[in-house]
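Here is the structure we will look at.
Owing to the predicted nature of the structure, the values given are computational and were not obtained by experimental measurement. For this chain, numbers begin at 1 and follow the sequence in order.
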Amino acid sequence: MELDFGPAVRDFRDEVRDWLADHLVGEFAEHRGVGGPTDGAAWEVRLAWDRELSAGGWLGVGWPQEYGGRGLGLLEEIVFEYEYARVNAPYRATVNALDLLGPMLLKMGSEAQKKRFLPPILAVEELWGQGFSEPGAGSDLASVRTRAERDGDEWVVSGQKVWTSFGVHADWLYVLTRTDPQSVRHKGLSLLLVPTDQPGVEIRPIRNLAGQDEFAEVFLSDARTSADMVVGEVGQGWRTAMATLGIERGTTLLPQQLTFEREAEALIDLARERGALDDPMLRRRIVDAWISVRIMRTTNLRTIAELTAGRTPGAQATTAKLYASTRHQQLGQLATELAGPAGQIVGEDYALDRRQRSFLLSLAETIYGGSSEIQRNIIGEQVLGLPKEPRP
């Protein structure tokens, strides 16, 4: 996939390409494409790569200069993400803070919070985990029960969070809590920044089907954080959380889409190798898989065009996550079938090849970041204007 974003950013694009060519070498080059939203593989290598990016000034390209960023525009951010994905660089270990928390602080945080937390994020000195989902409140965040009570100059936080990406590495958590015990649903929630290095925080890894432990469950037992560690207003945590998830729905699907295209090309190569293209039914499924990644590309380009024009993305931005996650699972299923019995054999100590790992990890894509069931409700109610689902 090759895109030209126009003459205004060609010099910047060339700068990105030259830097990546010079620095994505050695051990970093050996780990091209490693990691992902649900894949904690080669963590130390990826962390070292993030520090390399930081030293080159490539983290927070669009963040203001006073906080350590380059102060460039949205188009430059998109160009960087595209070029980064095009060379299949390692998945950034600090993505949680860079793509979610950082933009949220820039939009809704206090000046003191920005000065305290943004520079260490860009310097890869502090790592973050998200404390949104709970055992009884996965995609339905309005059901959050983790509570926070004010005690003088501190908040005291108690509850349980789950599916915290890279939580075992986190120095801080941004936690959605209920600060008004009488409130229900969306009201009375607040988003707090909570340090993990304290007696009241216990983090346990959760091992997934691919043998990775990038997810974690977090137990908060009278954990404490300063009173000024509220992002946005007290009681307005729902609005803050939705702003964070809105950021997640922005341009973050572009790198994934390029990965899916590479997987589709590998699928076609495998089909040729196995003679599967002679089977009309399999050939139809392979063509359908290739069409799906082209649709993802078109959808992303439409969203990018709207963002760079200063417009709110249309309906395709709402449907993109649902479409990409379901179609990626189908792509992985087809690749596993074409591989035959060899696709079901793992190596020593449950070592998985790239195709096996991608398929197993794709099974979580219809859950994290908003389950497919919730996404369909959102599309039906907000895009199609259908009646809302009855609430208990």
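- Side-chain contact between Lys161 and Leu176 is present, with heavy atoms from C-beta onward closer than 4.5 Å.
- Applying the ring pair (Phe, Tyr, Trp, His ring centres under 6.0 Å) test between Phe166 and each of Trp43, Tyr91, Trp128 identifies Trp43 as the sole match.
- The hydrophobic cluster containing Ile379 does not contain Tyr323, counting ILVMFWY residues as joined when their side-chain heavy atoms lie under 4.5 angstrom apart, directly or transitively.
- Here the shortest heavy-atom pairing between Ser358 and Glu263 reads OG-OE2, 2.7 Å.
- No side-chain N or O of Gln113 forms a donor-acceptor pair with one of Arg116 less than 3.5 Å apart.
- To the nearest 0.5 Å, atoms CD (Glu154) and CE (Met229) are separated by 11.5 Å.
- The closest donor-acceptor contact from the side chain of Arg272 to the backbone of Leu277 lies at 3.5 Å or more, if one exists at all.
- For Asp197, the CG atom counts as loosely surrounded, since its 6.0 Å shell holds 12 or fewer non-hydrogen atoms of other residues, nucleotides or ligands.
- Within the model, atoms NE2 of His31 and CG of Asn88 stand 12.5 Å from one another, a figure rounded to the nearest 0.5 Å.
- In this structure, Leu72 and Glu77 have side chains that are not in contact, with every pair of non-hydrogen atoms separated by 4.5 Å or more.
- Nearest approach of Asp278 to Pro280, heavy atoms of both residues: O-CD, 3.4 Å.
- Residue Trp19 comes nearest to Gly56 through the heavy atom pair NE1-CA, 4.0 Å, listed as atom of the first residue, atom of the second, then distance.
- Gln333 contributes atom CD, which lies 4.5 Å from atom CZ of Phe359 (distance to the nearest 0.5 angstrom).
- The aromatic rings of Tyr84 and Phe80 are tilted relative to each other, their planes meeting at an angle between 30° and 60°.
- Contact annotation: the side chain of Leu191 never approaches that of Met108 to less than 4.5 Å [non-hydrogen atoms, C-beta and beyond].
- With hydrogens and angles left out, the side-chain atoms of Asn96 and Ser165 include no donor and acceptor closer than 3.5 Å.
- Judged purely by atom type and a 3.5 angstrom limit, Thr299 uses its side chain to pair as donor or acceptor with the backbone of Ile295.
- One hydrophobic cluster holds both Leu127 and Val95 under the rule that ILVMFWY side chains link at heavy-atom gaps under 4.5 Å.
- When atom types are taken as modelled, the side chain of Arg262 and the backbone of Ala264 share no donor-acceptor pair closer than 3.5 angstrom.
- Taking both residues in full, the closest heavy atoms of Ala289 and Leu331 are given as CB-CD1, 3.9 Å, listed atom of the first, atom of the second, then distance.
- A donor-acceptor pair under 3.5 Å links the side-chain atoms of Arg274 to the main chain of Ala339, judged by distance alone.
- Atom-to-atom distance recorded for Leu338:CG and Glu273:CD is 10.5 Å, nearest 0.5 angstrom.
- Heavy atoms from other residues, nucleotides or ligands lying under 6.0 Å from CG of Asp18 number more than 12.
- No side-chain N or O of Glu202 forms a donor-acceptor pair with one of Ser221 less than 3.5 Å apart.
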Q. After noting the C-alpha distance and the side-chain angles of Leu105 and Leu118, does the key distance pass the side-chain contact (heavy atoms from CB on, under 4.5 Å) rule?
A. CA-CA 8 Å; Leu105 288 178; Leu118 295 179; 4.1 Å; yes
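- A single hydrophobic cluster is not seen to contain both Ile291 and Leu322; linkage of ILVMFWY side chains at heavy-atom distances under 4.5 Å, directly or through other members, places them apart.
- Without hydrogens or angle criteria, Glu134 side chain to Thr146 main chain gives a donor-acceptor distance under 3.5 Å.
- In this structure, the side chains of Glu30 and Val45 stay at 4.5 Å or more apart for every pair of heavy atoms.
- Note on ring orientation: taking the six-membered ring where Trp is involved, the planes of Tyr174 and Phe132 are perpendicular (angle over 60°, cut-offs 30° and 60°).
- When side chains are defined from C-beta on, Thr240 does not count as touching Ser190, because their heavy atoms never get closer than 4.5 Å.
- Between Phe117 and Trp172, the angle of the ring planes goes over 60°, which puts this pair in the perpendicular group of the 30/60° scheme.
- In this structure, Asn377 CG and Leu386 CG are separated by 10.0 Å, a value rounded to the nearest 0.5 Å.
- By the criterion of side-chain heavy atoms lying less than 4.5 angstrom apart, applied directly or through intervening Ile, Leu, Val, Met, Phe, Trp or Tyr residues, Phe260 is not grouped with Tyr82; the two fall into different hydrophobic clusters.
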Return all side-chain donor-acceptor pairs below 3.5 angstrom for residues 59-69, not counting sequence neighbours, or 'none' if the list is empty.
from: Gln65; atom 1: NE2; to: Arg70; atom 2: O; distance (Å): 3.3
from: Tyr67; atom 1: OH; to: Glu111; atom 2: OE1; distance (Å): 2.9
from: Tyr67; atom 1: OH; to: Glu111; atom 2: OE2; distance (Å): 2.7

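- Within the 4.5 Å cutoff, the side chain of Ser372 has heavy atoms near those of the Thr326 side chain.
- Residues Leu101 and Leu189 share a single hydrophobic cluster, defined by chaining ILVMFWY side chains whose heavy atoms lie under 4.5 Å apart.
- With rounding to the nearest 0.5 angstrom, the CG atom of Leu270 is 14.0 Å from the CD atom of Glu265.
- In the hydrophobic clustering, Leu173 connects to Trp155, Val157, Val168, Val175, Leu192, Val194, Val201, Ile203, Val218, Leu220, Val230, Val234, either directly or through intervening members, whenever side-chain heavy atoms lie under 4.5 Å apart.
- The minimum heavy-atom distance between Leu267 and Ala335, with the atom names listed, is CD1-CA, 3.6 Å.
- Using a 30° and 60° split on the angle between ring planes, Phe215 and Trp163 fall in the perpendicular class, above 60°.
- In this structure the side chain of Arg224 reaches within 4.5 angstrom of the side chain of Asp151, judged on heavy atoms.
- By the 4.0 Å N-to-carboxylate-O rule, Arg92 lies close enough to Glu81 to be salt-bridged with it.
- In terms of modelled atom types and a separation under 3.5 Å, the side chain of Gln329 and the main chain of Ser362 share a donor-acceptor contact.
- Side-chain atoms of Thr164 come within 3.5 Å of backbone N or O of Gln130 as a donor-acceptor pair.
- Put simply, the side chain of Thr179 never gets that close to the backbone of Ala148: no donor and acceptor are under 3.5 Å apart.
- Listed for the Gln375 side chain is no donor-acceptor partner under 3.5 Å among the backbone atoms of Lys321.
- Taking every heavy atom of both residues into account, Ala97 and Pro103 meet most closely at O-CD, 4.0 Å.
- By the 4.0 Å N-to-carboxylate-O rule, Arg86 lies close enough to Glu83 to be salt-bridged with it.
- Residues Thr94 and Leu122 have side chains not in contact (no heavy-atom distance under 4.5 Å, counting atoms from C-beta outward).
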Q | Residues Glu233, Arg239; criterion side-chain contact (heavy atoms from CB on, under 4.5 Å); working and verdict | A | CA-CA 9 Å; Glu233 299 178 22; Arg239 183 173 63 181; 3.9 Å; yes
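- In the hydrophobic clustering (ILVMFWY side chains linked at under 4.5 Å, chained through shared members), Val34 stands by itself.
- With salt bridges taken as basic N to acidic carboxylate O contacts below 4.0 Å, none links Arg285 and Asp288.
- Side-chain atoms of Arg150 never come within 3.5 Å of backbone atoms of Ala227 as a donor-acceptor pair (strictly under, hydrogens ignored).
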